[in-house]
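Please read the structure below before turning to the comments.
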There are 2 protein chains.
Amino acid sequence: MKGEASRDGQNVLLIHDLLRHSILRGSLAPGQVTSQLELARDLGVGRTPLREALRLLQREGLVVQEPNRRVRIAELSISDAEQIYTMRIALEAAAIRMTVPTLTPEDLAELEGLYAQMEHYMRTQDFERMDVPHRAFHLGLVRAAGPRWLEEIGQLFDHAERYRVAFFRARPERGYLRQAEHRAMLDAAVGRDVERTIACMAQHYAHTALVVFSQLQPGYTSTRLNAILEVVAPGVLAKLSF
Amino acid sequence: MKGEASRDGQNVLLIHDLLRHSILRGSLAPGQVTSQLELARDLGVGRTPLREALRLLQREGLVVQEPNRRVRIAELSISDAEQIYTMRIALEAAAIRMTVPTLTPEDLAELEGLYAQMEHYMRTQDFERMDVPHRAFHLGLVRAAGPRWLEEIGQLFDHAERYRVAFFRARPERGYLRQAEHRAMLDAAVGRDVERTIACMAQHYAHTALVVFSQLQPGYTSTRLNAILEVVAPGVLAKLSF
DNA sequence: TCGCCTCAAACTGTGGACAATATACCTCTA
DNA sequence: TAGAGGTATATTGTCCACAGTTTGAGGCGA
């Protein structure tokens with residue numbers, strides 16, 4: 001983890017972003033303990049802006065800071081993963097109800113463009129570059145719900161990515177086999193079919209969640225996942241049988 | 001805004017709490033601009049821990065910090081208020097679906113106790129002290145959903161309080177006339193009637209929201225609020241006619 | 001070998017110093 | 001008087017120093 005932060009001006013946000021990506025991508029491993037001094041040296045900055053960046057990460061739940069103790073990177077747990085995925089589904093379901101009926105033709109065109117980008121990177125097996133249009137696609141669908149909704153959904157997206165990256169690392173392509181589900185979501189949105197969009201979204205996340213949960217807790221049953229789904233998005237299961 | 005932070009140890013969290021309460025209660029007014037030096041002097045601390053506390057508040061959206069500019073307390077807006085209340089309802093509806101079926105007798109007893117406390121302070125017109133049991137009551141109902149859910153719902157509760165305090169200040173008692181709705185929520189939870197609990201919750205928040213929205217934007221119609229309700233908690237309106 | 005104690009090294013929390021930047025005032029001009 | 005320009009002041013962003021705490025390696029005793 002070597003790098004240099006720029007010398008001019010506002011480093012805090014830059015430091016925050018660098019560390020955040022390192023944690024989300026796993027190069028700062030869950031549970032790892034490190035010192036402010038070491039992080040500061042690696043990034044080529046002083047401890048003052050570093051500490052501010054760490055506070056931001058602490059608030060987000062990506063690092064744990066106990067008084068006078070060193071920094072610990074937040075660990076992964078099945079309970080946390082369940083909460084992340086349930087919150088995502090609950091929030092995005094409501095967001096989709098708000099946004100899909102009011103998406104403009106330009107919005108839909110933008111989503112089509114992002115889908116095309118994903119499709120392209122899929123074909124060229126350039127999975128690394130899919131992250132950007134993938135995130136933009138999911139957030140683009142709910143952007144119109146407002147900045148608060150967007151920020152919270154975006155954060156949950158990133159945290160879910162942390163789990164996904166951690167467990168799909170070995171076979172990166174598997175994490176993106178769900179491209180057909182993106183297509184289905186987009187088709188439903190274009191057709192202004194709100195409930196169908198929600199069902200596709202829930203199914204999309206549930207598929208990934210099941211893999212993540214199974215890795216975290218061998219023997220995790222899809223029965224439990226279905227029960228959870230019925231709670232955070234009632235009626236979705238019934239609509240999925242098509 | 002004069003005060004002294006303790007001299008020993010970890011001031012950052014203390015500073016954060018002090019400033020947070022000052023903002024939520026309105027003693028640091030929305031839109032107000034101030035300097036780090038002034039805040040530090042008032043609190044009797046240095047700028048280093050203060051800056052860290054400000055970062056936490058920035059992440060929470062209670063202060064706005066642009067590079068090289070002074071601190072600005074986040075302003076109130078109808079768009080923000082709408083997002084807060086819609087997110088609350090969407091999240092708590094899902095949370096209630098998860099928790100109400102599994103509440104233990106002890107949980108319910110605790111909620112009854114908190115209700116009784118509110119009732120007491122209501123009778124003695126001691127509205128200031130109602131805040132603590134009020135918050136505990138609402139969060140107690142959804143605590144079992146997990147720490148992530150609890151933290152997010154708690155934050156939304158606090159931000160909603162900021163709006164409520166700002167607009168009910170003149171007539172503090174009006175903010176708590178909804179005690180009957182707390183009773184109805186609790187009765188529904190005791191009876192394990194999930195959908196009814198959700199309906200009571202949504203109605204409870206919608207009542208407050210309508211007052212807040214009307215103050216922020218004179219002429220705000222309950223028609224718009226009802227439309228929003230139908231989106232974030234479908235079917236709730238139908239259940240409210242009892 | 002294992003557990004406990006001791007103590008030096010490493011680390012955190014905080015105040016202060018200093019350069020870079022923004023702000024406010026004051027002057028000058030039309 | 002209103003507006004533009006320039007300069008002094010205030011403020012931010014950062015690094016560094018220092019006191020207090022934690023950490024961990026080595027030594028001691030059983």
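A, B, ... follow the sequence lines: proteins, then strands. Residue 1 opens every chain.
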Query raised in the report: Residues two or more places apart in sequence or in another chain: which of them pass salt bridge (charged side-chain N to carboxylate O under 4.0 Å, His left out) with B:Arg47?
Result: none
Report summary line: Rounded to whole Å, the CG-C1' distance (B:Asn68 to C:dT23) equals 12 Å
Report summary line: Sorted by chain and residue number, the side-chain contact (heavy atoms from CB on, under 4.5 Å) partners of B:Ala136 (sequence neighbours excluded) come out as B:Leu114
**Report entry** Atom pair distance, as rounded to whole Å: NE2 in A:His16 and P in D:dT14
**Finding:** 15 Å
Requested in this report: Please report, rounded to the nearest Å, how far the C1' atom of D:dT11 is from the CG atom of B:Leu39.
Outcome: 12 Å
Report summary line: Across all chains, not counting sequence neighbours, the side-chain contact (heavy atoms from CB on, under 4.5 Å) partners of A:Ile23 are A:Leu28, A:Leu57, A:Leu62, A:Val63, A:Ile73, A:Arg162
Report summary line: Taking for A:Pro67 and for A:Arg47 the nucleotide of DNA chain D with the nearest heavy atom, the one nearer the 5' end belongs to A:Arg47
Query - With sequence neighbours excluded, residues passing salt bridge (charged side-chain N to carboxylate O under 4.0 Å, His left out) with B:Asp107 - result: none
Requested in this report: Answer yes or no: does a side-chain N or O of B:Gln36 lie under 4.0 Å from OP1 or OP2 of D:dA10?
Outcome: no
Requested in this report: Scan side-chain atoms only and decide if A:Thr86 and A:Glu82 contain a donor-acceptor pair under the 3.5 Å cut-off.
Outcome: no
Query raised in the report: Of all the choices, D:dG24, C:dT14, C:dT23, which nucleotide is nearest to the side chain of B:Arg70 once you look at every atom?
Result: C:dT23
Report task. Determine: side-chain N/O of B:Asn11 to OP1/OP2 of C:dG13, distance under 4.0 Å, yes or no. Result -> no
Query raised in the report: Near DNA chain D, under 4.0 Å by heavy atom, which residues of residues 48-58 of chain A?
Result: A:Thr48, A:Pro49
Report task. May I ask you to evaluate whether A:Arg69 reaches the phosphate of C:dG13, defined as a side-chain N or O under 4.0 Å from OP1 or OP2? Result -> no
Query raised in the report: Taking the side chain of A:Ser35 as heavy atoms from C-beta outward, which of C:dG15, D:dT14, C:dT12 is closest to it?
Result: C:dT12
**Report entry** Contacts of A:Arg143 that satisfy salt bridge (charged side-chain N to carboxylate O under 4.0 Å, His left out) - sequence neighbours left out
**Finding:** A:Glu110
Requested in this report: Verify the ring-centre separation between B:His120 and B:Tyr115: is it less than 6.0 angstrom?
Outcome: no
Query raised in the report: To the nearest Å, how far apart are A:Gln65 CD and D:dT22 C1'?
Result: 15 Å
Requested in this report: Starting at atom CG of B:Leu37, determine the distance to atom C1' of C:dA17, rounded to an integer number of angstrom.
Outcome: 13 Å
